[in-house]
Amino acid sequence: MIEERFDSRTLANMNVALDRVCDGTPHGEEHPTRRRVARYIIKCARSGRTTLTELTRAGQQALAKVTTAAE
């Protein structure tokens with residue numbers, strides 16, 4: 001599982017980043033949107049970029065792509 005790959009600090013940052021990106025945005029609480037954002041955040045963390053800023057930025061990029069595709 002994902003918990004085995006990352007330390008507790010990284011997991012906490014990933015959760016906060018997901019919430020920050022999805023909260024208050026159109027479709028942000030929908031499962032497909034959250035799943036896509038989470039995938040980008042996980043990919044970012046796997047590449048070694050694990051700060052809250054880096055993870056949030058990755059999530060925002062995913063959300064921008066979802067938003068663009070929906071328009």
Side-chain angles (χ1 to χ4, degrees):
M1 293 290 309
I2 191 168
E3 292 85 9
E4 297 169 0
R5 293 180 176 238
F6 303 108
D7 62 30
S8 60
R9 178 180 217 99
T10 300
L11 288 170
N13 284 344
M14 292 166 74
N15 282 317
V16 171
L18 180 63
D19 288 341
R20 282 187 178 179
V21 171
C22 291
D23 285 352
T25 60
H27 310 287
E29 292 303 318
E30 295 175 5
H31 182 71
T33 301
R34 288 182 69 85
R35 183 177 59 231
R36 180 166 187 148
V37 171
R39 284 182 181 159
Y40 271 68
I41 290 171
I42 292 167
K43 184 178 178 181
C44 181
R46 284 183 178 153
S47 74
R49 295 175 292 136
T50 60
T51 67
L52 182 56
T53 300
E54 292 168 324
L55 296 168
T56 302
R57 190 173 300 129
Q60 289 168 336
Q61 290 172 350
L63 187 63
K65 289 182 180 185
V66 169
T67 305
T68 302
E71 293 177 350

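These values consider heavy atoms only, across backbone and side chains, with no hydrogens, waters or symmetry-generated copies.
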If you look at every heavy atom in V37 and G59, which pair is closest and at what distance?
CG1-CA, 3.8 Å
N15: side chain to side chain donor-acceptor pair (under 3.5 Å) partners, not counting sequence neighbours:
none
Which residues pass the side-chain contact (heavy atoms from CB on, under 4.5 Å) test with A58, sequence neighbours left out?
C44
Quick one: side-chain contact (heavy atoms from CB on, under 4.5 Å) partners of A38, sequence neighbours excluded?
L18
Side-chain touch R49/I41, heavy atoms, less than 4.5 angstrom
no
Would you confirm whether N13, through its side chain, and T50, through its main-chain N or O, come within 3.5 Å as a donor-acceptor pair?
yes
Sequence-distant partners of T25, side-chain contact (heavy atoms from CB on, under 4.5 Å), two or more places apart:
L63
Derivation and outcome, side-chain contact (heavy atoms from CB on, under 4.5 Å), residues Y40 and Q60:
CA-CA 9 Å; Y40 271 68; Q60 289 168 336; over 6 Å; no
Sequence neighbours left out, what passes side chain to side chain donor-acceptor pair (under 3.5 Å) with E30? Give chain and number order.
H27
For R39, all residues meeting side-chain contact (heavy atoms from CB on, under 4.5 Å), sequence neighbours excluded
R35
R57: partners by side chain to side chain donor-acceptor pair (under 3.5 Å), with sequence neighbours left out
none
Results of side chain to side chain donor-acceptor pair (under 3.5 Å) for T53 - residues two or more places apart only
none
Heavy-atom distance under 4.5 Å between the side chains of V21 and R34, does that happen here?
no
For the residue pair M14 and A45, what are the closest heavy atoms and their distance?
SD-CB, 4.0 Å
Taking T10 for its side chain and F6 for its backbone only, find out whether a donor-acceptor pair lies under 3.5 Å.
no
